[in-house]
Amino acid sequence: MTRNEIISHLKQTPLNQLMRQADRVRQQHVGDDVHIRGIIEFSNYCCRHCLYCGLRKENKDIERYRMQPEEIIHLALDIARQGVKTIVLQSGDDFAYSAKTIASIVREIKQEADVAITLSLGERDFADYESWRKAGADRYLMKHETANPTLYARLHPGKTLKERLSALAFLQELGYEIGLGCMVGLPGQTLEDLAEDILLVHRFQADMAGIGPFLPQKDTPLGGHPPGDLTLTIKVLALVRLISKDIHLPATTATATIDPEHGVIQALKAGANVIMPDFTPQNYSQNYAIYNNKARVTLDLTRRLISKAGRNIGKGKGGSLKCKRPQRD
Ligand code: 5AD
């Protein structure tokens, strides 16, 4: 599909039509399983200044927390005991955790449980990525946020899209399965930009892509902007499925925040095949305020929605389905 064709679908193809096509491609290429990834948001400290995100360093209105390594490991093993086969360790860009500390957390979890580990820790030294891969980390999730370099630079003071993409390319070289993704409805974003997002995910041969609406967070410079549109978000999701056929696509928490039931079910019917329930203890997660009113997607809700959508719970680790990579489970 060309850039212009994508733009024209975003503009004028009815949502139902795109959903129907994406659902068919999803069924053919990745089947009926929905993979569950358990998230631990272990620290909300962040050294960055992203204009949209409530964890930005300048935000003094949230209480900051850091979970101890033992607490993280304990929780990860508890999640594994509940049958979840992928653990996602996520935080702000928090350099208080040394590369060594993260590596030891990864190593211990991998020793004790048969799970895949996804890291989502933002931009770090390339040597850190390498040590974590050696420690056994399987995947790295780092959304590209927007494929428009000018918009990227405006939203991420001091950072560039180029840096972000070099980090992702390096992660891929190290053998990580990688996740990209963007926000839909960012202030200043155009349909052309979204078409580039969809094409970038494809060009990168990403193993996964997280597509969610922009949601205003009141204590950020973008707090007064309207949220991204659910229909447009689902259209982007469907087009990613139509173009990057065998990719993993989560029904994101941001989508659930717009509409917990309908949003997730719609995503599952528009190409999504992954849900990422939150296992962060609630006294912490209430302060993981990347945006306001963040939905609490629990394991129970996840199971209920999968069954409501007429799908199966994935039993394995749900590794990359890219033809170029060997299956890992
Ligand atoms: N709206 C939507 N998504 C957001 N994220 C951060 N802030 C927002 C927001 N205001 C997403 C980004 C980031 C992830 C941690 O959360 O895509 O990658």
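Each ligand, and each atom within it, is numbered from 1 in the order the structure gives.
- Here CZ of Arg56 is found 10.0 Å from CG of Asp219. Values are rounded to the nearest 0.5 Å.
- Salt-bridge check for Glu41 with Lys294: passed, with a basic side-chain N closer than 4.0 Å to an acidic carboxylate O.
- Judged purely by atom type and a 3.5 angstrom limit, His248 uses its side chain to pair as donor or acceptor with the backbone of Gly319.
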Would you please test Tyr140 and Tyr129 for ring pair (Phe, Tyr, Trp, His ring centres under 6.0 Å) and show each step? CA-CA 9 Å; Tyr140 206 98; Tyr129 301 142; 5.3 Å; yes
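- A 4.5 Å side-chain heavy-atom check between Met208 and Val274 finds every atom pair outside the cut-off.
- When each of Arg66, Lys57, Arg64 is paired with Asp94, the salt bridge (Lys or Arg N to Asp or Glu O under 4.0 Å) condition holds for Arg66 and for no other.
- A heavy-atom cutoff of 4.0 Å around ligand 1 is satisfied by the protein residues Tyr52, Cys53, Lys143, Glu145, Met183, Pro213, Phe214, Leu215, Ile290, Tyr291.
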